[in-house]
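Heads up: the structure comes next, in structure tokens.
Side-chain atoms are counted along with the backbone in the values below, which use heavy atoms only and exclude waters and symmetry mates. Quick caveat: nothing in here was measured; it's all calculated off a predicted structure.
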Amino acid sequence: MKRFLLLFLCIVMLATMVGCNQNHVCGNKCGTCGKCTYVGCTESVCADKCPGHSPAHTCVSVCDTCGKCTNASCTESVCSSKCPGHAPEHQCTSICGTCGKCMDTECTESACSSKCLGHVVEHACYNQCGVCGKCTNSQCTEDVCQQKCPGHVSANTFFFNYSMDNANADFYEDFSEEEKQLYFSLWEPTTSISIKMDISPYELAKISEGFKEYSHNSTKADTYRKCNLTITVNGIDYYYEEVGVRMRGNTSRREFTNDQGEMYAYVHFRFDLSETFDGEEYAEGAWGNDIYHDWSNDEAGREQRKDRTFATMEKFYYKWNKNYDNTYIREVYANKMFQAYGILAPHITLTQLSVTHKGQMENLGVGGLYEVIDKNFIKRYLDKENKGGDLYKCTYTIGKADLVDVAGKYGIETATQRYTYDLKTNNDREDPDYHHNAHLKALANMLATNKNDSQFVTNLEALVDMDYFARFEAVNYLLGNPDCIRNNANNYYLYFTPDCKAIFIPYDYDRCLGINMDWNPSGDGMISATPYTTNNPNGGVSNPLYLKTILSGGISKYQNMYKQRLQEVLDGNWFTYDHFVTYYNRYSSIYSSVAKPSQAIIDACGHNVDMSRLYFSLDGSRNFSSTNENISTKDYMQGKRQTALNNINNI
């Protein structure tokens, strides 16, 4: 039986193998289409044969943009569709920060065919109060400005208002209404300004020579030379002959021309329309006697010259974009921010400057136009009872300007002597009852006393408007200037009213809001500095006004006052990137097309000035420790705001 079953199974298996070809396993299957590649195979499942396949063409000239072949000589069928070519993307340097379109009407690049038409900003009149956010200009008729600022003046604090409505009538009574209006319109971001300095090579060389002559004494050659100026404001020219011009600045001063008076570097310039060129420094035998002006037969002309002004100003100065701030407006914005919170601060705006070079008027690019802090500045903004006091320019010269041990550090600067506290007013006063520097010494002596003394607060408030000081420092802290009164005991003006009340005036904020170029002492553009810290990257805070009042270890009354003012600024619009961009857009729309110097200036000064960096942009470095690039304003504001909010309660 077993043999029978085994035989039956063998017969079934043999029949299956011979009689069915449906499970034919082809050994010649194509890897591409899966069909049989052997034409001699007669199995029914292999009846559909592989037609053959050309190997894929590997093109070595594939376009990265469209993926097509860029080689016109290639005849491969897969490369029959050729790349038509692609124009490189246009790198526009005049991009609007709001809409991303080109703002340069003369740009003909196809990528820039859609132009920015401008944007109506949140506050069209640019007179927004930092405290209440309302318009301070009663003559403004914009819909968004219907609610007006009522003013924030009290008997116990200084709060300065910069609208024409609040102009000091006593100061402007000697000026025409037209000139008064010109002054107020000059500082608006919608005003277009250009300056032409027509100066001979000889005069330009003399300015450079003066620096060389005085620098070995570590003093400044402040003797003026002569030029002619044409100032154009919104298309209207204002022409002045025989204007005084000299170099200005501190570490920025340098030789900048060759012996032929041809510029090879940039410097800052100061202009004086009232210079008469007949002072002792121009007399026979003194440096510069070649331009002495003898007015003996023209006394009326001399008086007219002494009273000559532009937009009610006798003097103003120009600074080139030395720190390569591509927004061009960080210092402009800083001073406007101080002003918005009632702080006494000079106006700054932008201007284009051209200078005579090899007989031609050549464009130097765009820089800042600055209001001078002097006796006229004080007269302009203070009422009659607060005029006539002592004004000091305070700089790190003979030691720090930290209001500590002021003896021997104050005086009247001369060509051979500089002071930390340089007296700018009352320097010719002969009244026997007037004691020079008495108020400065009184403040320093008072700050040297123990803050726990019972009379400390009373004595302090008799000399310092502490609410004003709290507002001053709230703005100053957020701006992040490493070279200011707090962080380096440097760069401020100090004015004492006749009754000895101190008013602090900010000055030289060209290292704020993330500007790190050439100097970044904190390593992060001051972003991580906290509101109450007594540390700073320059050896620590040494000013007792800070140490004994608003910073850590100070008096709680003043710390809370500072905290309140800091919170107000953080809650307002001024320390926001969007508000900054509204100003940037206005200025860049006017000046971006003239930011690049003319070719003759590039050729002459290009080895000392990085001309490739002179253009408008909101971009910046993400490397906060860099000293070769600036942090973007956006990154700085975001970082500083976060630091302030994280630490505002950590008194």
ring-ring contact (aromatic ring centres under 6.0 Å, His included), that's the test. Do F256 and Y264 meet it? Break it down for me.
CA-CA 6 Å; F256 67 100; Y264 59 75; 7.7 Å; no
Side chain [X], main chain [Y], donor-acceptor under 3.5 Å:
X	Y	answer
E275	G244	no
K640	A529	yes
R511	N481	no
R330	L513	yes
T276	R302	no
D524	M526	yes
N488	P482	no
D272	S274	yes
Y266	L364	yes
Y584	S617	yes

Checking [Y] against [X]: is there a side-chain donor and acceptor pair closer than 3.5 Å?
X	Y	result
T232	D237	yes
T356	D198	yes
N363	Q352	yes
Y202	Q260	no
N628	S626	no
S598	E362	yes
N335	E331	no
R254	S208	no
D402	S542	yes
Y509	D483	no
S621	N623	no
N437	Y392	yes
R270	Y318	no

Apply ring-ring contact (aromatic ring centres under 6.0 Å, His included) to Y419 and Y410, showing your working.
CA-CA 5 Å; Y419 294 96; Y410 55 80; 7.8 Å; no
Mind checking whether [X] and [Y] have side chains closer than 4.5 Å, heavy atoms only?
X	Y	value
T327	F616	no
L344	L382	yes
L273	K315	no
V372	Y317	yes
N228	Y240	no

Side-chain ion pair, [X] and [Y], N-O less than 4.0 Å:
X	Y	result
K319	D508	yes
K322	D510	no
D422	K424	yes
K306	E303	no
K393	D374	no

Does the pair K375 and N426 meet the rule for a side chain to side chain contact (heavy atoms under 4.5 Å, CB included), with working shown?
CA-CA 9 Å; K375 62 181 180 181; N426 297 322; over 6 Å; no
Assert yes or no for the condition that the ring centre distance of Y492 to Y507 is strictly below 6.0 Å.
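For Y492 and Y507, the ring centres are not under 6.0 Å apart.
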Yes or no on side chain to side chain contact (heavy atoms under 4.5 Å, CB included) for T230 and I195, after CA distance, side-chain angles and deciding distance?
CA-CA 6 Å; T230 301; I195 298 175; over 6 Å; no
What's the shortest heavy-atom distance between [X] and [Y], and which atoms?
X	Y	result
R305	E241	NH2-O, 4.3 Å
Y583	K336	CE2-CD, 3.6 Å
N585	S588	O-OG, 3.3 Å
N630	N323	ND2-O, 3.0 Å
D290	K206	OD2-CE, 4.0 Å
P346	I505	CD-CG2, 4.2 Å

Given Y381, which partner from the list Y495, Y162, Y172 fulfils the ring-ring contact (aromatic ring centres under 6.0 Å, His included) test?
Y162
Relative to the ring of [Y], is the ring of [X] parallel (under 30°), tilted (30 to 60°) or perpendicular (over 60°)?
X	Y	value
Y183	W187	perpendicular
W574	Y333	tilted
F580	Y577	parallel

Apply the test side chain to side chain contact (heavy atoms under 4.5 Å, CB included) to residues M517 and R613: give CA-CA distance (whole Å), side-chain angles for both, the deciding distance (0.1 Å), then the verdict.
CA-CA 12 Å; M517 190 66 192; R613 296 190 177 195; 3.0 Å; yes
Contacts of type ring-ring contact (aromatic ring centres under 6.0 Å, His included), residue F472, not counting sequence neighbours:
F338
Working for side chain to side chain contact (heavy atoms under 4.5 Å, CB included), residues L614 and K596:
CA-CA 6 Å; L614 298 181; K596 182 180 178 180; 6.0 Å; no
Should we count CG of D610 as having more than 12 external heavy atoms under 6.0 Å?
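Atom CG in D610 is packed in, count exceeds 12.
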Less than 6.0 angstrom from the centroid, inside 45 degrees of the normal: does K196 satisfy that with respect to the ring of Y239?
no
In chain order, what residues pass the side-chain contact (heavy atoms from CB on, under 4.5 Å) check against K226, with sequence neighbours excluded?
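Partners of K226 under the side-chain contact (heavy atoms from CB on, under 4.5 Å) test: E203, E242, F277, I291.
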Hey, mind stepping through R380 and T312 against side chain to side chain donor-acceptor pair (under 3.5 Å) and telling me if it holds?
CA-CA 10 Å; R380 187 187 300 274; T312 75; 2.9 Å; yes
Show the numbers, then the answer: is there a side chain to side chain donor-acceptor pair (under 3.5 Å) between Y587 and T349?
CA-CA 9 Å; Y587 279 112; T349 192; 3.1 Å; yes
Quick one: list whatever passes side chain to side chain donor-acceptor pair (under 3.5 Å) with Y591, sequence neighbours left out.
none
